[in-house]
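First up is the structure itself, then whatever we jot down about it.
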Amino acid sequence: MDPQAMSSLFFMVAIFAIFFFLVIRPQQKKMKQHQNMVNALRRGDQVVTQGGLIGKVVKVKDEREIEVEIAEGVRVRVVKATVAQVLSKTEPAES
């Protein structure tokens with residue numbers, strides 16, 4: 001290979017490495033943290049959805065859905081993945 005082609009190849013690899021460490025890797029880390037937060041949801045947790053609703057988890061229906069009470073007697077079904085933040089966690093039940 002001639003030096004110009006080598007230089008060009010090295011430049012392309014360097015750009016990809018920079019892109020990977022500055023964009024892809026942090027995004028993967030953030031997605032993993034969100035998935036762990038969603039998997040750890042349980043009854044009694046106070047959550048904020050991506051739509052801005054604040055409520056308390058009343059029931060964890062299955063791996064994809066929870067029931068959230070947003071006012072006294074007002075319950076909505078929410079897809080777990082749309083939970084943006086957990087404001088307060090409940091203590092685990094003693095065995």
Side-chain angles (χ1 to χ4, degrees):
M1 265 192 181
D2 63 351
Q4 188 176 6
M6 260 322 228
S7 173
S8 178
L9 180 64
F10 175 74
F11 182 72
M12 294 289 278
V13 169
I15 292 294
F16 178 75
I18 291 169
F19 184 76
F20 178 78
F21 285 108
L22 292 179
V23 178
I24 296 172
R25 195 160 172 237
Q27 184 65 25
Q28 287 176 336
K29 187 176 179 183
K30 187 176 179 181
M31 286 175 60
K32 188 173 183 177
Q33 287 174 336
H34 182 262
Q35 187 64 38
N36 289 338
M37 177 194 68
V38 167
N39 289 337
L41 285 175
R42 60 178 180 253
R43 197 169 139 236
D45 292 350
Q46 190 169 9
V47 297
V48 178
T49 66
Q50 290 177 354
L53 294 175
I54 300 174
K56 185 177 279 191
V57 177
V58 177
K59 183 177 182 183
V60 178
K61 290 187 171 257
D62 56 27
E63 68 276 350
R64 294 178 303 149
E65 188 178 324
I66 59 175
E67 192 171 296
V68 177
E69 186 173 49
I70 56 176
E72 193 173 326
V74 180
R75 295 180 177 185
V76 293
R77 291 173 33 203
V78 176
V79 176
K80 273 186 172 183
T82 63
V83 173
Q85 183 180 6
V86 177
L87 296 177
S88 63
K89 297 283 295 170
T90 56
E91 293 299 319
E94 293 184 20
S95 301

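The closest donor-acceptor contact from the side chain of Asn39 to the backbone of Asn36 lies at 3.5 Å or more, if one exists at all. Judged purely by atom type and a 3.5 angstrom limit, Lys89 uses its side chain to pair as donor or acceptor with the backbone of Ala40.
Two different hydrophobic clusters hold Val58 and Val76 under the rule that ILVMFWY side chains link at heavy-atom gaps under 4.5 Å. At a threshold of 4.5 Å between side-chain heavy atoms, the hydrophobic network of Ile, Leu, Val, Met, Phe, Trp and Tyr places Leu53 and Leu87 in two separate groups. Under the 4.5 Å side-chain heavy-atom criterion for Ile, Leu, Val, Met, Phe, Trp and Tyr, Val13 and Phe11 are members of distinct hydrophobic clusters. In the hydrophobic clustering of this structure, Ile66 groups with Ile70; members are Ile, Leu, Val, Met, Phe, Trp, Tyr whose side-chain heavy atoms approach within less than 4.5 Å, directly or through other members. Both Val68 and Val74 belong to a common hydrophobic cluster when Ile, Leu, Val, Met, Phe, Trp and Tyr are linked at side-chain heavy-atom distances under 4.5 angstrom.
Side-chain contact check for Arg42 versus Val57: every heavy-atom pair is 4.5 Å or farther apart. Inter-residue side-chain proximity for Glu69 and Arg75 is flagged as met; some heavy-atom pair is nearer than 4.5 Å. Between Val23 and Gln27, every side-chain heavy-atom pair lies at or beyond the 4.5 Å cut-off.
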Hey, mind stepping through Leu41 and Val83 against side chain to side chain contact (heavy atoms under 4.5 Å, CB included) and telling me if it holds? CA-CA 9 Å; Leu41 285 175; Val83 173; 3.9 Å; yes

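Considering CD of Glu65 and OG1 of Thr82, their distance stands at 10.0 Å, rounded to 0.5 Å. Between atom NZ of residue Lys80 and atom CE of residue Met37 there is a gap of 10.5 Å, rounded to the nearest 0.5 Å.
Taking each heavy atom of Gln50 and Ala81 in turn, the nearest pair found is NE2-O, 3.8 Å.
Atom CZ of Phe16 sits in a sparse spot, with 12 or fewer heavy atoms from other residues, nucleotides or ligands closer than 6.0 Å.
A salt bridge links Lys61 and Glu67; the closest N-O separation between the charged side-chain nitrogens and carboxylate oxygens is under 4.0 Å.
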